[in-house]
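Worksheet: one structure, shown below.
These numbers were taken from a predicted model, which means no experiment stands behind them. In this chain, residues are counted from 1 in sequence order.
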Amino acid sequence: MIQDHVNGKWIPSLGKSSVSIVNPATGKEIDQCPLGTSEDVSRAVHAAQAAFHDWKNTPAIERVQYLFKMKTVFEAHVEELATLVTKEHGKTLSEARASVKRAIQMIDTATGMPSFQKGEFAEDIARGIDCVTVRQPMGVFAGIAPFNFPAMVPFWFWPFAIASGNTYVLKPSERVPLTNQLVFKLIEQTGLPKGVMNLVHGGKEVVTALCTHPDVKGVSFVGSTPVAKYVYTTCSSHGKRVQALGGAKNFMVVLPDATMDKSVATALESIIGCAGERCLAGSVVVCVGDESYQTVKERMTKSAPEVTVGDGMDPKNQMGPLISAESKQRILGLIQSAVDEGGKILVDGRTKVDHLPGYFLAPTVIADVTEKMRVANEEIFGPVVLLAKVKTFDEAIAWINRCNYANTTTLFTNSGPAARKFCNEVAPTMIGINIGVPAPMSFFSFGGSKDSFFGDIKAHGSASVNFFTDEKMITQRWLSDSNVW
Ligand code: NAD
């Protein structure tokens with residue numbers, strides 16, 4: 001049974017109920033995840049609060065020594081971590097491995113905290129008066145994670161939180177809690193002081209308790225937009241810092257001058273990678289002009305059926321299953337809605353995988369998608385390629401900007417001026433130029449806009465220092481001359 005990790009010890013959850021953890025490639029239960037209670041949260045926050053004083057007073061250069069040890073330990077266990085990610089989430093082992101390596105890169109960047117956390121100093125802001133700013137940790141922070149990147153997403157936050165002197169409570173998705181059991185076992189090997197990192201399992205009750213607990217200073221959330229809004233409003237009304245990353249609907253624009261073969265391959269990989277379960281996955285490919293639309297349709301129709309689908313543990317498979325039967329049903333409903341609203345299926349992935357156990361859907365390509373259609377507005381989170389045509393580049397940009405979501409967008413072109421205009425005018429804040437998944441690296445910040453992000457300080461990179469520290473301004477002068485030798 002999965003357990004919580006509080007104050008350096010594994011302890012059973014106080015929750016009386018649990019949910020199944022299922023390997024989505026087989027449909028078989030692997031384990032059960034307890035649904036914790038507000039008392040579980042109180043225990044963990046209490047431990048984190050108790051550890052805060054000593055941890056805050058540990059010099060940053062000493063704090064990051066634990067992160068250096070973590071890097072070594074995690075690097076020695078990449079395969080084990082990746083295997084767990086594939087087992088509980090379904091993505092292919094190579095995708096899982098890449099996500100674990102991205103997680104470790106967060107540690108790399110967080111080890112720079114002694115430099116990032118330095119304050120500022122100005123001499124003589126007035127005659128004989130100096131001003132100093134210091135960046136101080138604030139106390140207990142919490143992280144609430146989604147199912148789609150069991151290892152990577154929590155690492156967007158906690159390494160930066162603890163490197164800057166805060167203590168932490170993590171709540172993974174109850175659908176994929178296994179990877180973080182191992183993460184915490186590995187953290188134990190580094191000798192990190194007890195209570196600095198704590199783990200609590202559960203669902204809504206645990207989330208609400210974290211967002212309302214008086215000793216939690218701030219919350220980082222990643223998940224669907226309705227829950228992101230709930231977390232944002234609940235935390236704000238309880239006086240907490242909050243960064244809540246939500247869902248997405250990502251557009252990829254193809255201009256007539258794009259390098260077509262590479263652009264289509266890149267767009268397809270963006271849409272079907274991790275079975276489409278990425279917040280940066282492309283969704284609607286908007287082609288400008290008839291010619292580019294025809295070319296993209298032909299190439300997608302040829303390439304999409306070539307993707308090998310099956311258990312992510314088998315290296316010959318390029319795409320794994322969806323997370324659950326419910327998710328598959330929801331996506332099948334969306335595909336049907338596209339057909340009912342005038343979309344044309346060019347590649348039908350629905351029946352191609354009937355022989356497989358688990359929750360598979362092969363890449364599906366739908367053409368003649370228009371802005372009013374349900375599929376053009378709802379997040380699909382599955383391997384469905386939507387193809388659309390507009391007459392002008394301005395029309396494409398206007399469509400992107402009318403969408404409620406604004407996470408990422410990509411332009412395929414060889415024109416510098418077109419790329420510059422795109423970057424300047426589109427609402428999404430993570431932009432790719434000929435890049436299908438423009439995921440900012442750990443040393444840049446990550447986050448969307450509109451319904452894809454609630455808050456004002458984004459994840460990792462330099463923004464994390466702002467989120468996890470409070471700035472103190474000290475204005476000082478010395479009134480007596482008597483101590484000057
Ligand atoms: P989700 O919103 O269902 O769950 C996220 C977390 O919220 C989980 O820990 C879950 O336990 C908790 N939760 C679920 N329902 C809740 C409720 N009613 N009240 C309180 N807490 C609740 O999201 P998911 O299905 O696990 O993840 C997929 C979503 O995450 C997609 O929408 C995807 O776009 C988004 N996502 C966004 C980013 C980003 O950077 N913007 C990154 C990854 C995933």
Do we see a donor-acceptor contact under 3.5 Å between the side chains of [X] and [Y]?
X    : Y    : answer
Q336 : D340 : yes
D257 : S415 : no
Y230 : T208 : yes
S18  : Q32  : yes
S164 : Q117 : no

Using a strict 4.0 Å threshold on nitrogen-to-oxygen distance, state whether [X] and [Y] make a salt bridge.
X    : Y    : result
R97  : E79  : yes
K316 : D311 : no
K389 : E371 : no
E471 : R135 : yes
K302 : D261 : no
E326 : R330 : no

Both conditions, 6.0 Å and 45 degrees, for the charged tip of K352 above the ring of F360: are they met here?
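No - K352 does not lie over the ring of F360 by the 6.0 Å and 45° rule.
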To the closest 0.5 Å, what do you measure between [atom1] ([X]) and [atom2] ([Y])?
X    : Y    : atom1 : atom2 : value
F149 : C279 : CZ    : SG    : 7.5 Å
L322 : Y359 : CG    : OH    : 11.0 Å
K101 : I104 : NZ    : CD1   : 8.5 Å

Under the ring-ring contact (aromatic ring centres under 6.0 Å, His included) criterion, do F74 and F155 qualify, and how do the steps go?
CA-CA 12 Å; F74 287 130; F155 280 70; 5.4 Å; yes
Can you check whether F141 and F467 have ring centres sitting under 6.0 Å from each other?
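Aromatic pair counts; centres sit under 6.0 Å.
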Plane angle bin for F446 and W156 - parallel if under 30°, tilted between 30 and 60°, otherwise perpendicular:
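Geometry flag for F446 against W156: tilted rings.
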